[in-house]
Amino acid sequence: MDPKLETKYIFITGGVVSSVGKGVTAAAIGLLLKERGFKIAVQKLDPYLNVDPGTMSPYQHGEVYVLDDGTETDLDLGHYERFIDISLNRLCNVTTGQVYSQVIEKERRGDFLGGTIQVIPHITNEIKRHIGLLAKRKDVDIVLVEVGGTVGDIESLPFLEALRQMRSDAGLNNSFYIHVTWLPHIGATGELKTKPTQHSVRELRSIGISPNMIIARSDYEISEEMREKIALFCDVDLRAVVPLVTTPIMYEVPLLLEEVDVADIILDHFGLQTRQKPNWRNWKGLVKKSKKDKPTVKVALVGKYIELRDAYMSVREAIRHAGLELGLEVEISWVHSATLEKKKSWQEVEEADGILVPGGFGVRGIEGKILAAKHARKNLVPYLGLCLGMQLMVVDFCREIFENDEVNSTEFDPSTDHPVIDLMPDQRDITDKGATMRLGLYPCEIQPNSKVAKAYAKKIVFERHRHRFEFNNAYREKLEKEGMAFSGISPDGLLVEIAELKDHPFMVGTQFHPEFLSRPTRPHPLFVAFLRAVGKRAEIL
Ligand code: GLN
């Protein structure tokens, strides 16, 4: 066996403003290197004080992305998994909250005997220890570390200081710093401005980090002159001033970065030779399919965090993957479930060829989602319910057959006479909210002769979960008689993982979150089956 190569590090920071696609850029760079035969590990350092984003409202930070091992993480990890197509684990998302709580735990144990605990070196050492946990694994050649937020934030300082120290710890040629910035466009003169980038790099330098590469994001074409100016003022090789103009097709980013030799610049710095020729056939195919004119279908996504689209990032991407697979353009109508309760926004639901109710928590907007499920059931509109969307599909069905509108989940009405969805038994004594749900990958047995059996063409599947409530088995037999099929069950027979309606073209709800396992080149079978039904309803497929 080859001796382990000295681990290489790529550190990605952001400047000027946030939300310019730093996560996608990091993910795309990971893919460029993986395509060249390197084993990649990727890590997001988040400067907020929460231990993980699991307790945060999606309004604050977008979707909570769940990994195989059940870790609740930042949505950028979704980008990493979708682009690089590797399975990440709990080491891949580190927050200030984690770092501080571990340092304080050690202090209480007496590990620092007599020492005064300080940001430098104790917190920075702990951050470096976390990076090291990934780096020292045998199956890792290159570690990509992205720091959340933008340079200049008070909270990110300890992380940046740790990264600065990493240069001498890892060796000059083993660390590569990338700064992702934004070039604003001035409408009146029609020009792009480099000054905020210059300031941001100056700020980074004052912390002791000199970027090896600047990725300049912009909504407009970036001229050679602009790049020269950035190179001169920011003291970066012209070749390493990388223009990245906004593309409506996210999956084009790796190809755009490939065109301007990003991976070669990085590998040259590390003194590494490409191990294999990258194969872009699949990715080029995806972009080609995205650009092609396709017949349009409409899907109403009925949720309650719709003001922030990032809250449903993986669902939106899973829909996109399945649409590309089937040659459909999917227009998503973002419908706020609470407005349906006020009898508004129904036109979007009525016009839709399919309805999707995603996951969620809390009582607000619940009745609107139940009404959306009812509409799908009564009008034979294809429906996909994810986690909460499955639970509410069951509530709607039971309200109909019991002729009782008091049927509910105990999450929303703890004293309902018909608790068709109820707290899982092992959740009853849990009082802490953080990381205590049923989380991560669990097996599910697919029942033969069901819609999902046809979609999966497998007897057992593994899917990711994030919930506290479940279908109440006391109602199983009754509902089966009335036309609901429980087509996915945990191997011990105790937990309903999938429910579907027999006399309906496609009304399927999953207790798990299939959206987390959909990949651009491997769309999730349930999303494909759902969209196929949607295409049929629209008389396209
Ligand atoms: N609130 C529901 C539960 O805890 C659904 C969770 C979800 O949709 N992720 O079971």
*Asks:* How about E463 and H524: does a side-chain donor come under 3.5 Å of a side-chain acceptor?
*Replies:* yes

*Asks:* Look at E63 together with R466 and state whether they make a salt bridge at an N to O cut-off of under 4.0 Å.
*Replies:* no

*Asks:* Counting distance only, does the side-chain N/O of R164 pair as donor-acceptor with the main-chain N or O of G208 below 3.5 Å?
*Replies:* no

*Asks:* With a 4.0 Å cut-off on N to O distance, would you call D237 and R239 a salt bridge?
*Replies:* no

*Asks:* Please report whether the ring centroid of H321 lies less than 6.0 Å from that of Y251.
*Replies:* yes

*Asks:* Could you label the plane-to-plane angle of the Y177 and F11 rings as parallel, tilted or perpendicular, counting under 30° as parallel and over 60° as perpendicular?
*Replies:* tilted

*Asks:* So which heavy atom on S175 is nearest to which on R167, and how close?
*Replies:* OG-CA, 3.6 Å

*Asks:* Minimum heavy-atom separation for S156 to V147, with atom names?
*Replies:* CB-CG1, 4.4 Å

*Asks:* Compare every heavy atom of E224 with every heavy atom of L238, then report the nearest pair and how far apart it is.
*Replies:* CD2-OE2, 4.1 Å

*Asks:* Is there a side-chain contact between L31 and E35 (heavy atoms, below 4.5 Å)?
*Replies:* yes

*Asks:* Side-chain contact test, heavy atoms from C-beta onward, threshold under 4.5 Å: evaluate it for R519 versus E81 and give yes or no.
*Replies:* yes

*Asks:* Between H122 and F112, is the ring centroid distance below 6.0 Å?
*Replies:* yes

*Asks:* Could you tell me whether the side chain of H465 and the main chain of G440 form a donor-acceptor pair under 3.5 Å?
*Replies:* yes

*Asks:* Using side-chain heavy atoms (C-beta onward) and a distance below 4.5 Å, is N212 in contact with H269?
*Replies:* yes

*Asks:* Could you please spell out the steps behind the side-chain contact (heavy atoms from CB on, under 4.5 Å) verdict for T194 and F233?
*Replies:* CA-CA 9 Å; T194 64; F233 281 94; 5.6 Å; no

*Asks:* For Y220, is the OH atom crowded, meaning more than 12 foreign heavy atoms sit under 6.0 Å from it?
*Replies:* no

*Asks:* Please give me the minimum heavy-atom distance between A26 and E146, naming the atom from each residue.
*Replies:* CB-OE1, 4.0 Å

*Asks:* Do the side chains of S314 and Y65 get nearer than 4.5 Å, heavy atoms only?
*Replies:* yes

*Asks:* Look at the side chain of T25 and the backbone N and O of G21, then say whether any donor-acceptor pair between them is shorter than 3.5 Å.
*Replies:* yes

*Asks:* Is there a donor in the side chain of T247 and an acceptor in the side chain of E252, or the other way round, less than 3.5 Å apart?
*Replies:* yes

*Asks:* What about F361 and H467, are their ring centers closer than 6.0 Å?
*Replies:* no

*Asks:* Do V64 and M56 make a side-chain contact, defined as non-hydrogen atoms from C-beta onward lying under 4.5 Å apart?
*Replies:* no

*Asks:* Apply salt bridge (Lys or Arg N to Asp or Glu O under 4.0 Å) to K229 and E191, showing your working.
*Replies:* CA-CA 14 Å; K229 197 166 166 185; E191 21 158 32; over 6 Å; no

*Asks:* Taking the side chain as everything from C-beta on, heavy atoms only, tell me whether T7 gets closer than 4.5 Å to K136.
*Replies:* no

*Asks:* Quick check: are there more than 12 heavy atoms from other residues, nucleotides or ligands sitting under 6.0 Å from CD of Q273?
*Replies:* no

*Asks:* Heavy-atom distance under 4.5 Å between the side chains of R137 and K39, does that happen here?
*Replies:* no

*Asks:* Should D141 and R36 count as an ion pair when the cut-off is N to O under 4.0 Å?
*Replies:* no

*Asks:* If the threshold is 4.0 Å, N to carboxylate O, is there a salt bridge linking R438 and E497?
*Replies:* yes

*Asks:* Is the count of non-hydrogen atoms from other residues, nucleotides or ligands lying under 6.0 Å from K458 atom NZ greater than 12?
*Replies:* no

*Asks:* Can you name the nearest heavy-atom pair linking V145 to I131, along with the distance?
*Replies:* CG2-CG2, 4.2 Å

*Asks:* Heavy atoms, side chains only, cut-off 4.5 Å: are I332 and Y312 in contact?
*Replies:* no

*Asks:* Counting heavy atoms not belonging to R281, are there more than 12 under 6.0 Å from its CZ?
*Replies:* no

*Asks:* Any salt bridge between E105 and R108, counting N to O under 4.0 Å?
*Replies:* no

*Asks:* So if I apply the side chain to side chain donor-acceptor pair (under 3.5 Å) rule between D46 and each of T73, T95, N93, which one comes out positive?
*Replies:* N93

*Asks:* Taking atom types as modelled, find out whether Q165 and E161 have a side-chain donor-acceptor pair closer than 3.5 angstrom.
*Replies:* yes

*Asks:* Decide yes or no on side-chain contact (heavy atoms from CB on, under 4.5 Å) for I230 and V236, but give the supporting numbers first.
*Replies:* CA-CA 8 Å; I230 296 172; V236 173; over 6 Å; no

*Asks:* Shortest non-hydrogen contact from L531 to G323?
*Replies:* CD1-N, 3.4 Å

